[in-house]
Number of protein chains: 2
Amino acid sequence: MQEKECLKNSKKQRLNTIVRIISENSVETQGQLTKYLISEGFDVTQATVSRDIKELRLIKIADRGDKYRYALPGKESNVDIRTRYTAVLTHAVITIQNASNLVVVKTIPGSAQGCAMAIETLDFDRVVGVIAGDDTVFIAMNNEKEAAAFAKTLMECVN
Amino acid sequence: MQEKECLKNSKKQRLNTIVRIISENSVETQGQLTKYLISEGFDVTQATVSRDIKELRLIKIADRGDKYRYALPGKESNVDIRTRYTAVLTHAVITIQNASNLVVVKTIPGSAQGCAMAIETLDFDRVVGVIAGDDTVFIAMNNEKEAAAFAKTLMECVN
DNA sequence: ATAGTTTTTGCATAAATATTCAAAAAATAT
DNA sequence: ATATTTTTTGAATATTTATGCAAAAACTAT
């Protein structure tokens with residue numbers, strides 16, 4: 001029992017290290033990550049890194065300049081947020097209408113929350129509040145005029 | 001100018017369709033997505049699908065049952081929370097003890113609330129309730145045996 | 001301790017994905 | 001219209017990632 005937790009700890013350390021490495025560096029491939037790990041003293045191959053990434057549920061995202069990089073899921077937002085959310089809006093929005101001081105956006109099923117988040121994050125001017133169901137987003141503006149203007153802005157945004 | 005927007009529209013339609021398809025189905029590979037698109041009348045190859053996925057900034061995430069699937073970015077934030085909370089626990093927890101059906105966690109000052117939230121969010125099995133002061137967390141389990149087991153789990157979690 | 005079980009890992013390779021390059025289509029300018 | 005530039009695409013292929021399998025390590029029970 002003298003080496004009880006040796007391998008286990010080593011793996012845990014490695015997983016933690018992977019999270020740190022991809023947080024601190026732009027890691028484009030598993031091969032690159034493997035090199036980072038080796039340089040920190042871990043004896044590891046791409047195969048294991050692939051398994052680790054699966055276990056950590058890391059994701060590979062399109063980054064600036066035609067590159068890809070690994071990231072923590074849900075954390076990719078800090079990079080290139082505008083492009084990303086614009087893309088989400090562009091492809092998920094079906095219709096945009098304005099009614100009184102509301103703008104009503106219909107989306108493909110399940111995408112309303114994502115669109116709402118996109119709209120909030122993109123921080124369009126004068127948005128008072130946003131609420132989303134499954135395929136519908138309500139955006140509250142100060143008045144009818146602003147709602148109309150915002151609907152137009154949104155339409156331009158999604159093409 | 002007679003065919004002004006023909007290709008453009010076709011691509012946009014395809015991108016929209018891709019978002020819909022991955023929203024409605026569990027799409028594991030680009031090859032599979034290509035087949036879906038072909039079955040909907042798009043004349044497309046894996047190479048183009050790869051480019052579309054990059055443009056849409058879709059992500060491939062680890063799914064249940066050793067599978068992968070494509071998803072819209074920003075929809076999987078719960079996993080990141082997990083990683084982050086594990087880190088919180090790892091760095092803030094000082095001691096873990098069990099007394100009767102309680103597990104008592106001592107933390108660095110001011111971190112108990114955070115640890116409590118982490119424990120709740122991580123949703124360890126059979127936790128009945130969690131309460132936190134400034135540097136102490138009480139975790140209520142159903143009985144002494146479960147408290148002992150949970151204390152052990154927690155210890156492993158924080159290393 | 002020893003035997004049995006589970007987990008982790010590397011190697012080799014299968015599978016999947018990204019990209020180069022050239023051609024065609026589309027958009028733009030004249 | 002024609003010429004020019006930009007965008008889109010497929011085929012082939014390079015690159016990257018995932019996995020079957022066997023061996024080793026770690027854990028568990030006795």
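Hydrogens, waters and symmetry mates are skipped; everything else that's a heavy atom, side chains included, is used. Here is the naming used below: chain letters follow the sequence lines, and residue numbers restart at 1 for every chain.
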- Message: Using the side-chain heavy atoms of B/Thr45, tell me which of these nucleotides is nearest: C/dT8, D/dA11, D/dT9.
- Response: D/dA11
- Note on the structure: To the nearest 0.5 Å, atom CZ of B/Arg20 lies from atom CG of B/Asn25 at 8.5 Å
- Could you state the atom-to-atom distance from CD of B/Gln32 to P of C/dT17 in whole Å? 10 Å
- Query: B/Ile59 has an atom CD1; how far is it from atom C1' of C/dA16, in whole Å?
  - Reply: 18 Å
- Tell me: CG of B/Leu58 to P of C/dA18, nearest whole Å? 11 Å
- Output yes when a side-chain donor or acceptor of A/Asn98 lies under 3.5 Å from a complementary backbone atom of A/Val103, and no otherwise. no
- CA sep, side-chain torsions, deciding dist, call: B/Leu33, B/Ile53, side chain to side chain contact (heavy atoms under 4.5 Å, CB included): CA-CA 10 Å; B/Leu33 183 50; B/Ile53 283 172; 4.0 Å; yes
If you restrict it to nitrogen or oxygen atoms, what contacts under 3.5 Å exist between nucleotides 16-19 of chain D and the protein, and what is each distance?
{"unit_1": "D/dT16", "atom_1": "O3'", "unit_2": "A/Lys60", "atom_2": "NZ", "d": "3.3"}
{"unit_1": "D/dT17", "atom_1": "OP1", "unit_2": "A/Lys60", "atom_2": "NZ", "d": "2.8"}
{"unit_1": "D/dT17", "atom_1": "OP1", "unit_2": "A/Tyr70", "atom_2": "OH", "d": "2.7"}
{"unit_1": "D/dT17", "atom_1": "OP2", "unit_2": "A/Gln30", "atom_2": "N", "d": "2.7"}
{"unit_1": "D/dA18", "atom_1": "OP1", "unit_2": "B/Tyr68", "atom_2": "OH", "d": "3.4"}
{"unit_1": "D/dA18", "atom_1": "OP2", "unit_2": "A/Gln30", "atom_2": "NE2", "d": "2.5"}
{"unit_1": "D/dA18", "atom_1": "OP2", "unit_2": "A/Ser50", "atom_2": "OG", "d": "2.8"}
{"unit_1": "D/dA18", "atom_1": "N7", "unit_2": "A/Gln46", "atom_2": "NE2", "d": "3.0"}
{"unit_1": "D/dA18", "atom_1": "N6", "unit_2": "A/Gln46", "atom_2": "OE1", "d": "2.8"}
{"unit_1": "D/dT19", "atom_1": "OP2", "unit_2": "A/Lys54", "atom_2": "NZ", "d": "2.9"}

- Within the structure shown, what part of the strands sits under 4.0 Å from B/Asp43 by heavy-atom distance: base, sugar-phosphate, or nothing? sugar-phosphate
- Task: Figure out the CG/C1' separation between B/Leu33 and C/dA15, and round it to whole Å.
- Result: 17 Å
- Taking the side chain from B/Ser50 and the backbone from B/Gln46, do they hold a donor-acceptor pair closer than 3.5 Å? no
- Task: Mark yes or no for whether A/Lys54, through its side chain, and B/Asp66, through its backbone, hold a donor-acceptor pair below 3.5 Å.
- Result: yes
- Message: Expressed as a whole number of angstroms, how long is the span from B/Gln13:CD to D/dT9:P?
- Response: 12 Å
- Send over the distance from B/Asp52 CG to D/dT9 C1', rounded to a whole Å. 10 Å
- Assess whether side chain to side chain contact (heavy atoms under 4.5 Å, CB included) is satisfied between B/Tyr70 and B/Val49, documenting all intermediate values. CA-CA 12 Å; B/Tyr70 281 97; B/Val49 169; over 6 Å; no
